[in-house]
Novice: 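Have a look at this one before I ask anything.
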Amino acid sequence: MLSGDIPPNQTIYVKNLNEKVKKDELKRSLYCLFSQYGRILDIIALKTPKLRGQAWVCFSEVTAASNAVRQMQNFPFYEKPMRIQYAKTKSDCIAKEEGSFVPREKKKKQEEKVEKKRFPEESKQSSVPNGTHGASNGGPTASFRPGSTSQEAAAPNDILFIENLPYETTGRMLEMLFEQYPGFKEVRLIDAKPGIAFVDFEDDIQSSMAMQALQGFKITPQNPMVINFAKK
DNA sequence: AGCACA
């Protein structure tokens, strides 16, 4: 089958990655690219001879992984089409979240269910490649409500579609925000439709970076930006 | 091509 008979998994296995790109940049880019599908708990990438050119992206939901497998299949990423499958085994970070993690020392096949209630400590500060110095104006990312139906993720595009802007937003204001990200080309406001804008980038990797960084940015306290890829 | 948890 398409996914090579591997059953769905919260973690996707990505291969055919460009081995020249440095590990941290790779993780950041993967994070930006895939976080549109859901919350990413961790990204594993190693540069050892056996493991270079591959990465594991762990999502908090299987549905996010499924969307990512389908939508980003063969996506050209650093000049190479990504090959995406479900991971074959459960990631440590997932096992930890559900309390079934067994340290690697014991190489046992410890797949038994641990009947446990939630941990009392709810500090879900998961390790995420914290690439971007994002929207640091108080409010973190917006909870995706206005506009788009967040279940149907738009395909990557070098054009971003911005919603929920205050009516008084000017092109210059948006330029100042977006031009700090590499690949920025231009901002386009629609006179007939206040509150939305399009922002063009050189490619969809760079647009993803900016989207991730500025998602939820508040120009006014009541206007967290909602950023999506523009429809093709 | 290659399925780990630096």
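Bear in mind that the values here come from a model prediction, so they are computed numbers and not experimental data.
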Novice: Name the residue closer to the 5' end of DNA chain B, choosing between Thr48(A) and Gln54(A) according to the nucleotide with the nearest heavy atom.
Specialist: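 So the residue in question is Gln54(A).
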
Novice: Should side-chain heavy atoms under 4.5 Å link Ile, Leu, Val, Met, Phe, Trp and Tyr, which residues sit in the same cluster as Phe198(A)?
Specialist: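 Joined to Phe198(A), directly or through intermediates: Ile159(A), Phe161(A), Ile190(A), Ile196(A).
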
Novice: Quick one: Trp56(A) CH2 to dG2(B) C1', roughly how many Å, whole number?
Specialist: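 Going from CH2 in Trp56(A) over to C1' in dG2(B) covers 8 Å.
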
Novice: Just say parallel, tilted or perpendicular for the rings of Trp56(A) and Tyr13(A), cut-offs at 30° and 60°.
Specialist: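 Aromatic pair Trp56(A)/Tyr13(A) classed tilted.
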
Novice: Nearest whole Å is fine: how far is dA4(B) C1' from Asp92(A) CG?
Specialist: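 In whole Å, dA4(B) C1' and Asp92(A) CG are 8 Å from each other.
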
Novice: Quick one: salt bridge (charged side-chain N to carboxylate O under 4.0 Å, His left out) pairs with a partner in residues 173-182 of chain A, sequence neighbours left out?
Specialist: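 Checked against salt bridge (charged side-chain N to carboxylate O under 4.0 Å, His left out) - neighbours excluded - the pairs reaching residues 173-182 of chain A are Arg172(A)-Glu175(A), Arg172(A)-Glu179(A).
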
Novice: Quick one: Lys22(A) NZ to dA6(B) C1', roughly how many Å, whole number?
Specialist: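 From Lys22(A) NZ to dA6(B) C1': 19 Å.
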
Novice: Report yes if a donor N or O on one partner sits less than 3.5 Å from an acceptor N or O on the other, where the partners are the side chain of Thr11(A) and the base of dA4(B); otherwise report no.
Specialist: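 Donor-acceptor pair under 3.5 Å: no.
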
Novice: Roughly how many Å is it from CZ in Arg52(A) to P in dC5(B), rounded to a whole number?
Specialist: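 To the nearest whole Å, that distance equals 15 Å.
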
Novice: When you measure from the side chain of Lys23(A), which nucleotide among dA4(B), dA1(B), dA6(B) comes out closest?
Specialist: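 Comparing dA4(B), dA1(B), dA6(B) against the side chain of Lys23(A), the answer is dA6(B).
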
Novice: Assess whether a salt bridge exists between Glu98(A) and Lys90(A), defined as any Lys/Arg side-chain N lying under 4.0 Å from an Asp/Glu carboxylate O.
Specialist: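 Judged by the 4.0 Å cut-off on N to carboxylate O distance, Glu98(A) and Lys90(A) do form a salt bridge.
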
Novice: Hey, does Ile44(A) reach any base, or is it just sugar-phosphate, or nothing, if we go heavy atoms under 4.0 Å?
Specialist: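 If one applies the 4.0 Å heavy-atom cut-off, Ile44(A) turns out to touch a base.
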
Novice: Let me know the distance between CD1 of Ile84(A) and C1' of dC3(B), rounded to the nearest Å.
Specialist: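 Value for this atom pair: 15 Å.
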
Novice: Rounded to whole Å, how long is the line connecting atom CD of Glu19(A) with atom P of dG2(B)?
Specialist: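 Computing the Glu19(A):CD to dG2(B):P distance gives 13 Å.
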
Novice: Quick check: any donor-acceptor pair below 3.5 Å linking the side-chain of Gln85(A) to the base of dA1(B)?
Specialist: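 No pair found.
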
Novice: Rounding to an integer number of Å, can you tell me how far Leu46(A) CG sits from dG2(B) C1'?
Specialist: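 These atoms are roughly 12 Å apart.
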
Novice: Within this structure, what is the NZ-to-P distance between Lys80(A) and dA1(B), rounded to whole angstrom?
Specialist: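 Interatomic distance, NZ of Lys80(A) to P of dA1(B): 9 Å.
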
